There are 2 protein chains.
Amino acid sequence: MAVTELFRALGDPTRLEMVRRLSSGAPHTITSVSSGLQISRQGARKHLQILADAEVIMLEPRGRDTGVRLDRDTLEQGKAFIAELELRWDTRLEALRSFVDDE
Amino acid sequence: MAVTELFRALGDPTRLEMVRRLSSGAPHTITSVSSGLQISRQGARKHLQILADAEVIMLEPRGRDTGVRLDRDTLEQGKAFIAELELRWDTRLEALRSFVDDE
DNA sequence: AATTAATGCAACCATTTAGTTGCTTATTCG
DNA sequence: CGAATAAGCAACTAAATGGTTGCATTAATT
């Protein structure tokens, strides 16, 4: 399931920091989104590939550098997944409450 | 950051399936939440420990067996984290739009 | 009391992951 | 053109991960 891949992609401090940077909305390139992280350029690049594979980001080569953008839809799916879990849970608890009220 | 651990915990198909089962609200034990998964009991137990460490679930030993419950707050934090990312993004896009409108 | 059921602990193994370095390629800028 | 900048590809390594098995323990059942 795709949501597994999404959560896995977000489940790393470096990648989460990248995503946080991107969420500012400022335009980013591979270099800029990787700057200051305590890892090599190639290390950062691997993380970006994982995010791209999970469709958390989109890589857009433009001439010499490559733009990096968040994919809003994918993040939304993650949020929706959790919301659905919570809903299922709430529904069940509600059912229990009715049951108790009927006693 | 704790949210990293949360996402990492959710980023595995077996663990996500366990969480899905728990979200039904039906009471579960280690055995019941692990039943039918194509892994050994100990394999499943390791997954549950990871979920417990990330505070996605709570393990409650009661006599011979151990209850397993979802920790709603933690899931909520995950959802809130994504929501905040989206909000930051929206805010920025809104700012850009104003800028364009001012042209 | 004896058995069965539900766990826990620990050692071990194969694969994946996060990270590196070295080298190459392709734009852009002076 | 030549230098510098942004990036790609590949090979390699250490550590983490997901999985196993074997054995011990504790609690419920009959």
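Only a predicted model underlies this, so the values are computations on that prediction, with no experimental measurement involved. Proteins come first, then strands; the chains are lettered A, B, ... in the order of their sequence lines, and each starts at number 1.
- With rounding to whole Å, B/Leu48 atom CG is found 14 Å from C/dC9 atom P.
- Across the protein-nucleic acid pair, B/Leu37 atom CG and D/dT20 atom P stand 11 Å apart, rounded to whole Å.
- Distance from the side chain of B/Gln42 is smallest for D/dT20 among the nucleotides C/dA6, D/dT20, D/dA6.
- Using a 4.0 Å cut-off between charged side-chain N and carboxylate O, B/Arg88 and B/Glu84 make no salt bridge.
- Dashed line: the shortest gap from a side-chain N or O of B/His47 to OP1 or OP2 of D/dG19 is under 4.0 Å.
- In this model, a side-chain donor or acceptor of A/Arg41 finds a partner on the base of D/dA7 within 3.5 Å.
- Within 4.0 Å of A/Gly63, counting heavy atoms only, lie sugar-phosphate atoms of the nucleic acid but no base atom.
- A/Arg62 has no side-chain polar atom (N or O) that falls below the 4.0 Å cut-off from OP1 or OP2 of C/dT28.
- Set against D/dT17, C/dC29, C/dG8, the side chain of A/Arg64 has C/dC29 as its closest nucleotide.
- Residue B/Thr31 has its side chain nearest to C/dA6 when only C/dA6, C/dT16, C/dA18 are considered.
- Residues A/Ile39 and B/Gly67 each lie close to DNA chain C; by heavy-atom proximity, the contact nearer the 5' end of the strand is made by B/Gly67.
- The side chain of A/Ser40 lies closest to C/dT21 when the candidates are D/dG19, C/dT21, C/dT7.
- Between the CZ atom of A/Arg8 and the C1' atom of D/dA16 there is a distance of 11 Å, rounded to whole Å.
- In terms of heavy-atom proximity, B/Asp53 sits nearest to B/Glu5 at O-OE2, 3.3 Å.
- With distances taken from any side-chain atom of A/Ile30 to the nucleotides C/dA6, D/dA7, C/dA18, the minimum falls on D/dA7.
- Summarising the geometry, the separation between CD on A/Gln49 and C1' on D/dA10 is reported as 15 Å, rounded to the nearest angstrom.
- B/Arg15 contributes no side-chain N or O that forms a donor-acceptor pair with the base of D/dG18 under 3.5 Å.
- Between B/Arg45 and C/dA6 there is no side-chain N or O to OP1 or OP2 distance below 4.0 Å.
- Between the CD atom of A/Gln38 and the P atom of C/dA18 there is a distance of 18 Å, rounded to whole Å.
- Scanning all heavy atoms of the two residues, the minimum distance from A/Ser34 to A/Leu48 falls at OG-CD1, 3.9 Å.
- Atom CD of A/Glu60 is separated from atom P of D/dG8 by 13 Å (rounded to the nearest Å).
- Each of D/dA16, D/dA7, D/dG18 was ranked by its minimum atom distance to the side chain of B/Asp12; first place goes to D/dG18.
- Atom CD of A/Glu55 sits about 9.5 Å away from atom CG of A/Asp73, to the nearest 0.5 Å.
- When distances run from any side-chain atom of A/Lys46 to the nucleotides C/dT7, D/dC12, C/dC12, the shortest one goes to D/dC12.
- The two residues B/Gly11 and A/Arg8 have their closest heavy-atom pair at O-NE, 3.1 Å.
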